[in-house]
Amino acid sequence: MSDPRADARFLARNAAAVNPDGGLEERLATAAREGRRLRVKLGIDPTAPDIHLGHVVVLQKLREFQDLGHQVVLIVGDYTARVGDPSGRSATRPVLTAEEIEHNARTYQEQAGRILRDDPELLEVRRNGEWLDMPMDAFLRLARIPKVAQLLERDDFAKRYAGQRPISLLEFVYPLLQGYDSVAIRADVEIGGTDQTFNLLFGRDVQRAEGVPEQAVMTMPLLVGIDGSQKMSKSLGNQIGIGEPADEIFGRTMRIPDELTDQWASLLAIDLGDVPAGDPRSRKRALARALCDRFAGAGQGEQAQEAFDRLFRDGGVPEEIAEHALPGDPVLHLPALLAEAFGVSRSEARRAIGQGGVRINGEVANATNLDVDAKDLQDAVLRLGKRRFVRLVTPS
RNA sequence: GGGGGGAUGUCCGAGUGGUUAAAGGAGACGGGCUGUAAACCCGUUGGCUCUGCCUACGCAGGUUCGAAUCCUGCUCCCCCCA
């Protein structure tokens with residue numbers, strides 16, 4: 001039926017690396033020979049439930065495995081999340097409660113379901129608390145596996161160690177726990193971002209020590225966020241969530257640097273088809289449309305693009321604008337109104353007004369007179385900066 | 001157990017008694033140009049009832065006309081030696 005070599009080549013086409021060389025093809029061939037599905041593992045962190053395009057890169061890859069008949073195993077890191085991960089040094093990361101973790105995990109699962117096939121043959125979801133909540137002696141047995149020198153080879157650790165910056169024992173233990181996940185579920189393949197390379201490869205060591213076959217490891221390049229420099233992440237605010245409205249997806253995609261367009265298309269498995277390479281703007285628009293169609297629904301791309309053009313090319317206003325109830329007073333203090341309507345501080349609002357960044361029905365707001373007659377604001381469209389709009393309505 | 005270093009605005013990071021809402025940078029935001037790209041230019045960037053007022057330099061107290069800067073206690077963090 002399927003050809004392991006061709007499948008491996010297809011799957012690896014946009015990957016950063018496959019380890020060991022030829023490992024994926026070997027696993028595919030083994031599975032074919034034994035007439036079974038591969039178990040393809042992805043560990044997910046239930047501290048940040050909202051899926052953005054960065055997650056999609058990996059999920060899309062899993063979907064490709066599913067389409068070839070293989071089984072995806074999502075591992076919710078509920079146990080590890082409860083302990084908290086101090087890496088990255090984001091200081092006061094709160095340790096989540098079991099309820100929060102569970103809620104996040106469900107949200108994640110639900111969103112991932114929009115990319116993955118939700119067929120029990122093809123998708124299994126597990127919690128690592130199922131096996132990590134082990135007795136001390138079992139843990140200590142595992143603790144023999146990693147060698148300190150080996151852990152210190154991990155780039156992140158090596159740098160911090162050299163720079164005399166802290167590394168907690170807990171961080172040292174994480175790769176071991178993740179690796180044990182691979183043992184527990186008998187992973188054939190594990191997927192992750194390139195930042196996970198060490199951990200994924202370490203899973204092989206744990207598997208070997210535990211006497212189970214070693215997984216192949218496929219790492220995907222990290223998707224660069226819309227700021228064009230750092231990896232996409234919610235905490236950096238440079239993400240596009242898959243649950244966002246089409247207009248938002250379209251607009252934010254149009255903001256990425258041109259150089260990112262092809263990389264995004266490749267990692268997100270979007271075919272830009274015949275859009276000429278010499279026309280970066282059209283390529284980006286095609287990408288934006290495709291993303292809208294995929295995550296907001298078929299046909300959304302076309303619509304979002306029209307709205308976008310109306311707004312930014314023709315200088316109009318969006319069709320759908322959030323509404324904000326006008327307070328009843330006869331005279332309104334503009335900074336206060338802006339603050340409420342857009343969720344900024346009054347000082348911020350004042351600055352924006354002073355800089356000509358606020359428009360009422362297209363007219364730049366007067367910076368010297370901040371008090372406005374309420375009747376001049378009836379059903380007015382208030383605009384802050386280039387892309388924030390609100391329609392003022394009278395509460396009935 | 002011993003010794004040393006540190007905690008400043010969104011982040012990084014200057015500042016060791018007064019002109020400090022606190023240098024500089026990053027980020028962000030507003031404006032210009034434009035393709036909501038890049039590059040570039042200008043401006044802003046604690047809050048507010050805004051020509052002024054309030055709150056701020058880990059926490060609490062003290063010295064002083066005056067403290068982020070000095071003293072005391074506390075909390076937290078890091079490094080080194082053992």
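Please read all numbers here as calculations on a predicted model, not as lab measurements. Each chain gets a letter, A, B and so on, in the order its sequence line appears, and its residues count up from 1.
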_When you measure only distances, ignoring hydrogens and angles, does the side chain of A/D227 come within 3.5 Å of the base of B/rG27 through a donor and an acceptor?_
no
_When the P atoms of B/rA39 and B/rA28 are compared, how many Å lie between them, rounded to an integer?_
11 Å
*Go through B/rC29, B/rG35, B/rG47 for me and flag the one nearest to the A/R388 side chain.*
B/rC29
*Roughly, in whole Å, what's the span from CD in A/E306 to P in B/rU36?*
16 Å
*May I ask which nucleotide in the shown strands pairs with B/rU44, Watson-Crick or G-U wobble, both distances under 3.5 Å?*
B/rA28
*Using whole Å, report how far CG of A/L370 lies from P of B/rC48.*
13 Å
*Should B/rC70 form a Watson-Crick or G-U wobble pair with both distances under 3.5 Å, which nucleotide is its partner?*
B/rG62
_Pairing check on B/rU36: which nucleotide meets the Watson-Crick or G-U wobble criteria with it, both distances under 3.5 Å?_
none
*Answer yes or no: is there a donor N or O on one side and an acceptor on the other, between the side chain of A/R114 and the main chain of A/I242, under 3.5 Å?*
yes
_Integer angstrom distance from the P of B/rC11 to that of B/rG66_ = 31 Å
*Presence of salt bridge, A/K231 and A/D195, under 4.0 angstrom*: yes
*Find the distance A/L260:CG to B/rA37:P and express it as a whole number of Å.*
14 Å
_Please report the distance, rounded to the nearest Å, between CZ in A/R281 and C1' in B/rA37._
10 Å
*Nearest-Å distance, CD (A/Q239) to C1' (B/rG27)?*
15 Å
*Which nucleotide, B/rC29, B/rA37, B/rU44, lies nearest any side-chain atom of A/D258?*
B/rA37
*Using the C1' atom in both, what is the distance from B/rG24 to B/rG13, to the nearest Å?*
8 Å
*asked:* Could you tell me how far B/rC48 sits from B/rC41 if I compare only their C1' atoms? Round to whole Å.
replied: 33 Å
*Quick one: look up who B/rA7 pairs with, Watson-Crick or G-U, both distances under 3.5 Å, and put none if it's unpaired.*
B/rU75
_Side-chain N or O of A/R285 closer than 4.0 Å to phosphate OP1/OP2 of B/rU36_ = no
_Test your reading of the model: is there a side-chain donor-acceptor pair from A/H52 to the backbone of A/G241, 3.5 Å cut-off?_
no
_B/rG5 to B/rU10 separation - P atoms, rounded to the nearest Å_ = 29 Å
*asked:* Taking only the C1' atom of each, what is the distance from B/rC74 to B/rA82 in whole angstrom?
replied: 27 Å
*For the pair A/L177 and A/F139, evaluate side chain to side chain contact (heavy atoms under 4.5 Å, CB included) and give the outcome as yes or no after the intermediate values.*
CA-CA 9 Å; A/L177 299 184; A/F139 171 73; 4.2 Å; yes
*In whole angstrom, what separates A/E244's CD from B/rU36's P?*
19 Å
*Distance below 4.0 Å between A/S345 side-chain N/O and B/rC48 OP1 or OP2*: yes
*With both distances under 3.5 angstrom, what nucleotide forms a Watson-Crick or G-U wobble pair with B/rG1?*
B/rC81
*Can you tell me how far C1' in B/rC77 sits from the matching atom in B/rA26, rounded to whole Å?*
24 Å
*Nearest-Å distance, CD (A/Q305) to P (B/rU36)?*
12 Å
_Whole-Å C1' distance, B/rC80 and B/rC59_ = 28 Å
*Report yes or no: is there a donor-acceptor pair, N or O only, under 3.5 Å between the side chain of A/R387 and the base of B/rU36?*
yes
*For atom CG of A/L338 and atom P of B/rG47, their distance in whole Å*: 14 Å
*So what does A/G385 hit on the nucleic acid, given a heavy-atom distance under 4.0 Å: a base, only sugar-phosphate, or nothing?*
sugar-phosphate
*asked:* Looking only at the side chain of A/Q355 (C-beta and beyond, no hydrogens), which of the listed nucleotides B/rU44, B/rC29, B/rU34 gets closest?
replied: B/rU44
